[in-house]
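In this chain, numbering begins with 1 at the start of the sequence shown.
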Amino acid sequence: MLAVSKTFGAAAVRELAVCGQREFGENYVQEALDKQRELSDMPLEWHFIGPIQSNKTRPVAEHFSWVHSVDRLKIAERLSAQRPAGLPPLQVCIELNVSGEASKGGVSLDQLWPLADAVAPLPGLELRGLMAIPAPASGLAEQRAAFRQVREAFDALIRHGHALDTLSMGMSGDLEAAILEGATIVRIGTALFGERNKNA
């Protein structure tokens with residue numbers, strides 16, 4: 001379970017960490033860096049799960065253990081080049097836009113294979129799997145159908161020779177469907193922290 005702490009302060013993160021949660025997901029680089037400094041006394045693992053701008057790749061490469069939202073080779077190359085030599089490889093997932101929504105990041109299914117083939121050998125990175133945020137769906141069957149497409153793409157990449165083990169999919173409203181379709185990481189915010197400011 002990845003606790004999505006974006007827009008919630010360091011005190012809320014600390015409260016959850018005291019209960020045993022260690023992995024936290026953030027969407028905004030500066031907000032995350034401020035929390036990391038304030039919580040440096042705690043052994044937390046930070047995942048970047050939001051869109052990555054080219055001018056923000058260095059702090060992401062230097063201060064996070066995971067990136068779930070790789071969707072361009074240029075971004076992957078910058079993360080690879082800027083990952084400090086003294087740190088373990090940056091664990092990355094390719095974001096798949098399985099619903100074809102123009103408002104969301106991620107690559108299409110036909111762009112996935114060439115991007116995976118290009119990202120996997122980059123030094124400083126370790127390609128672990130796929131991340132997806134399907135369009136909202138009303139029922140369990142419809143939710144599962146979208147997640148199944150992600151899992152099938154994941155399975156196809158493994159057959160193609162990629163050593164993947166991570167499916168980052170499912171949030172507070174659809175985590176059951178995601179787990180049924182093989183999610184290994186669910187990104188939970190609202191169910192843990194409560195409703196966030198809709199303008200955030």
Please tell me if the side chains of [X] and [Y] come closer than 4.5 Å, counting only heavy atoms from C-beta onward.
X      : Y      : value
Arg72  : Leu115 : no
Phe147 : Leu180 : no
Thr190 : Met171 : no
Arg58  : Arg78  : no
Ile188 : Val4   : no
Pro59  : Leu33  : yes

Salt bridge (charged side-chain N to carboxylate O under 4.0 Å, His left out) pairs, two or more places apart, involving residues 102-116
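Qualifying pairs, neighbours excluded: Glu101-Lys104.
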
Give a yes or no on whether a salt bridge exists between Glu26 and Lys6, defined as a side-chain N under 4.0 angstrom from a carboxylate O.
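A salt bridge is absent here (no side-chain N lies under 4.0 Å from a carboxylate O).
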
Does the pair Lys35/Glu31 count as a salt bridge with the N-to-O cut at 4.0 Å?
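Here Lys35 pairs with Glu31 in a salt bridge, since their nearest N and O are under 4.0 Å apart.
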
Go through the structure and list residues passing side chain to side chain contact (heavy atoms under 4.5 Å, CB included) with Ser138, not counting sequence neighbours.
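Side chain to side chain contact (heavy atoms under 4.5 Å, CB included) list for Ser138, sorted by chain: Glu142.
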
Excluding sequence neighbours, so at least two apart, what forms side chain to side chain contact (heavy atoms under 4.5 Å, CB included) with Pro51?
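By the side chain to side chain contact (heavy atoms under 4.5 Å, CB included) rule, Pro51 matches no residue at all.
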
Side chain to side chain donor-acceptor pair (under 3.5 Å) evaluation trace for Ser80 with Glu77:
CA-CA 5 Å; Ser80 172; Glu77 289 172 337; over 6 Å; no

So, Thr57 and Gln82: side-chain donor and acceptor under 3.5 Å apart, yes or no?
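Short answer, yes.
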
May I ask you to check whether Ser168 and Arg187 show a side-chain donor-acceptor distance below 3.5 Å?
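Note: Ser168 and Arg187 side chains meet the donor-acceptor criterion.
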
Residue from Ile49, Ile52, Ile75 passing side chain to side chain contact (heavy atoms under 4.5 Å, CB included) with Ser69:
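Among Ile49, Ile52, Ile75, the one that satisfies the side chain to side chain contact (heavy atoms under 4.5 Å, CB included) with Ser69 is Ile52.
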
Ring geometry between Phe48 and Phe64 (parallel below 30°, tilted from 30 to 60°, perpendicular above 60°)
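Ring orientation, 0 to 90° scale: perpendicular.
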
Quick check for you: to the nearest 0.5 Å, what is the distance between [X] atom [atom1] and [Y] atom [atom2]?
X      : Y      : atom1 : atom2 : result
Arg37  : His63  : CZ    : NE2   : 7.5 Å
Glu181 : Glu152 : CD    : CD    : 8.0 Å
Leu90  : Arg83  : CG    : CZ    : 4.5 Å

Side chains of residues 8-24: which donor-acceptor pairs under 3.5 Å do they make with residues two or more places apart or in other chains?
residue, atom, partner, partner atom, Å
Arg14, NH1, Asp41, OD2, 3.0
Arg14, NH2, Glu38, O, 3.2
Arg14, NH2, Asp41, OD1, 3.0
Gln21, NE2, Met1, O, 2.8
Gln21, NE2, Glu23, O, 2.7
Arg22, NH1, Ala17, O, 2.8

Quick check: is Val107 connected to Leu73 through a chain of hydrophobic side chains (ILVMFWY, heavy atoms under 4.5 Å apart)?
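Per the 4.5 Å side-chain linkage, Leu73 and Val107 are co-clustered.
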
With a 4.5 Å cut-off on side-chain heavy-atom distances among I, L, V, M, F, W and Y, is there a chain of contacts connecting Met42 to Trp46?
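Met42 and Trp46: one cluster.
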
In a table with atom names and distances, give each donor-acceptor pair under 3.5 Å that connects a side chain of residues 154-161 to protein atoms at least two apart or in another chain.
residue, atom, partner, partner atom, Å
His160, NE2, Asp117, OD1, 3.3
His160, NE2, Asp117, OD2, 3.3

Where do Gly182 and Leu167 come nearest, in terms of heavy atoms and distance?
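Answer, listing the atom of Gly182 first, then Leu167: O-CD1, 3.6 Å.
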
Identify every side-chain donor-acceptor pair in residues 121-136 under 3.5 Å, counting partners at least two apart or on other chains, and give the distances.
residue, atom, partner, partner atom, Å
Glu126, OE1, Gln91, NE2, 3.4
Arg128, NE, Asp165, OD1, 2.9
Arg128, NE, Asp165, OD2, 3.4
Arg128, NH1, Gln91, OE1, 2.6
Arg128, NH2, Asp165, OD1, 3.3
Arg128, NH2, Asp165, OD2, 3.2

Working for side-chain contact (heavy atoms from CB on, under 4.5 Å), residues Asp34 and Tyr28
CA-CA 10 Å; Asp34 291 343; Tyr28 310 114; over 6 Å; no

Go through it in stages, so that I can follow the logic: the residues are Leu2 and His68, the test is side-chain contact (heavy atoms from CB on, under 4.5 Å), and I'd like the CA-CA distance, side-chain angles, deciding distance and then a yes or no.
CA-CA 11 Å; Leu2 183 65; His68 292 230; 3.9 Å; yes

